[in-house]
Protein chains: 2
Amino acid sequence: MNDKPDVSEETKKKIQKVIDKLGYNPNGIARGLVLQKTHTIGLIIPDISNPFFPEVAKGVEDRARELNYSVIFCNTDNDKKREKEAIDLMKSKHVDGIILSLSISNKEEIYKLEEKNFDVVQIDRKIPDSNYQAVVIDNTLGAYNATSHLIELGHTDIAHITGDLEIQTSQDRLEGFKRAIGTFDLDYKEKWIVEGDFSKESGYKAMKNLLTLEDRPKAVFIANDLMAIGAYEAIFEMGLEIPQDISVVGYDDIEIASIIKPGLTTMTQPKYKLGQAAADVLISKIDNKRNINDEDIILNPKLIIRDSTRGYEDE
Amino acid sequence: MNDKPDVSEETKKKIQKVIDKLGYNPNGIARGLVLQKTHTIGLIIPDISNPFFPEVAKGVEDRARELNYSVIFCNTDNDKKREKEAIDLMKSKHVDGIILSLSISNKEEIYKLEEKNFDVVQIDRKIPDSNYQAVVIDNTLGAYNATSHLIELGHTDIAHITGDLEIQTSQDRLEGFKRAIGTFDLDYKEKWIVEGDFSKESGYKAMKNLLTLEDRPKAVFIANDLMAIGAYEAIFEMGLEIPQDISVVGYDDIEIASIIKPGLTTMTQPKYKLGQAAADVLISKIDNKRNINDEDIILNPKLIIRDSTRGYEDE
DNA sequence: ATCGGTAACGTTAACGGTATCGGTATCGTT
DNA sequence: AACGATACCGATACCGTTAACGTTACCGAT
């Protein structure tokens, strides 16, 4: 008997004794079958070896465990077929809900889930027009704040190295950059926006590019830290110094950012919290079907100021 | 009917049609109940946010999926209680087998599993005296090879910065270092072995320590890359150059190792392969109860030569 | 026409729990 | 002594699937 009100404390103890003696483990499968509830959630993410996701997964698992759920996980490598397979797997395993990060091109799967009335929370990426609640980090705001930091230091000549513009994240960060430039009424120079692809090499090239302009920028916001590392090399190679000659802000706060010299000012993302929040939302949806609040949850990245930024006027 | 021999192709097709039409998903739970088989394996690791494990997890998941298994995962944070809980969870979920990385102090749990005849493979760490097969990376060999690399370059004055010696890994790497020194009949100086704790700061301190000796070493093997980064700082601070004045070999091949200047020579660990091998071994054990080969699988780390090492005689 | 073999069909019993219901024993209350 | 409340006990149905078995239908070969 599972905590029913009409069982006395005494017999509970007696029963517990017998349980211990026989080493009885309840069979979760049989339970799941009759209760139509597995106390399991699915976690479908693109790639656990991408440094963004382990923390997220940890947040999900920790919170799920606290709430008495376990998690079964799948990598999809952004492959549409594998995404579908992962979802089918979750269906056949009868998980109680799914935390999902789908590639944008795979809307159908989300629609199918909606039809079946599956409990789903989207994480990190939200498929436009889907009705499922999403838990995301505000890339636009992050980029806005990163850029504002440079502006507040007195900079006016600010460049931006973007990520691969096919990817929504890059678009959002570009948008945030533009918005900050606009808000503060600064000069907007198209040639100071250079596209990279998130790789270190592309950061190097883009920076080289910027530094060979006759009117070169005095500050740069770079869409991720890896490109910023590449940019560092380009800057040093030209005999320039950070932050004396040029201020640099990155994005992601990867491990190297605090190790490299000078320490890289960057935006850190609340990855663990993202996972926690997603688990929270999903499980409260499962346990308590009325959706108290089905608005998207938007977490804010945080600026980490290190030594790669400095005011333009400072000495 | 699941691929039984006495069903004709024709009816199979007919059935498939009906399946598609009704959108039927077989209920894995009911199946698991009657077949006593869940096609699920458990993955219990200390911490997915430790950069070592995501690749391992990916290897496990990829291979498991290829072999038609899914994986349910738990972090334990090296906490004995959570390890026990994770194992109980796996039992109640009736997974077909477990890939396990336990803290050394938690032997009992392994013994309990052995009693119950559970299918288990240990990964990364092997509990001494346990009968379960393990899939591990040979730390002693790695350290031996790292040190040999320095010796083969002509170095004779070689120091070692260890990790936290409470941890088996550190002991193994120290052992490999000593063995290499012994094999090549070099001078063995106790004071050239300094204990760190795997942190960057401890690497810095230990290196400072070594560099202030009157007979300072010309090469150093450091038990992990993070400490090596700290050591770099100490070396630069003393006005010395790598590798001209001192050669450095690290261990782990973290991302920074290839980014830092000069590129750090280090040992890389076959993490993905480790996960794959563990899944392979476990699932073949499950599917085919006769243990064809129940010896431990020992994978070899690989030396990555970059720019932080050079021969002693080289100009 | 008869026979044997093969494939499809239908039924039933498990798998290991939970929920529900009726029955019974025990207690305190009036 | 009769009553109600409370706690325990036992029986039974059910969750969705597979295995096993018996039956029936159909086909080609003798």
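Just so we're on the same page: letters track the sequence lines, and every chain starts at 1.
With rounding to the nearest 0.5 Å, the separation of CD1 in A:Ile45 from CG in A:Asp124 is 10.0 Å.
Between the C1' atom of C:dC15 and the NZ atom of B:Lys93 lies a distance of 18 Å, rounded to the nearest Å. Look at NZ on B:Lys37: it is 19 Å from C1' on C:dG16, rounded to the nearest Å. Distance NE2 (B:His39) to C1' (D:dT17): 14 Å, rounded to an integer number of Å. Rounding to whole angstrom units, CG of residue A:Leu33 and P of C:dA19 are separated by 13 Å. Look at CG on B:Leu35: it is 14 Å from C1' on D:dA20, rounded to the nearest Å. In this structure, CG of A:Asp96 is placed 18 Å from P of D:dC15, rounded to the nearest angstrom. Summarising the geometry, the separation between CZ on A:Arg31 and C1' on D:dT17 is reported as 20 Å, rounded to the nearest angstrom. Going from atom CG of B:Asn27 over to atom C1' of D:dT18 covers 12 Å, rounded to whole Å.
Judged by distance alone, with hydrogens and angles left aside, the side-chain atoms of A:Tyr132 form a donor-acceptor pair with the main-chain N or O of A:Leu113 at under 3.5 Å.
One finds a salt bridge joining B:Glu66 and B:Arg63 here, because a Lys/Arg side-chain nitrogen approaches an Asp/Glu carboxylate oxygen to under 4.0 Å. A salt bridge links B:Asp62 with A:Arg82: the distance from a Lys NZ or Arg NE/NH1/NH2 to an Asp or Glu carboxylate oxygen falls below 4.0 Å.
With a cut-off of 3.5 Å on both Watson-Crick or G-U wobble distances, the partner of D:dG16 is given as C:dC15.
Between B:Gln36 and C:dG16, a side-chain N or O to OP1/OP2 separation shorter than 4.0 Å is present.
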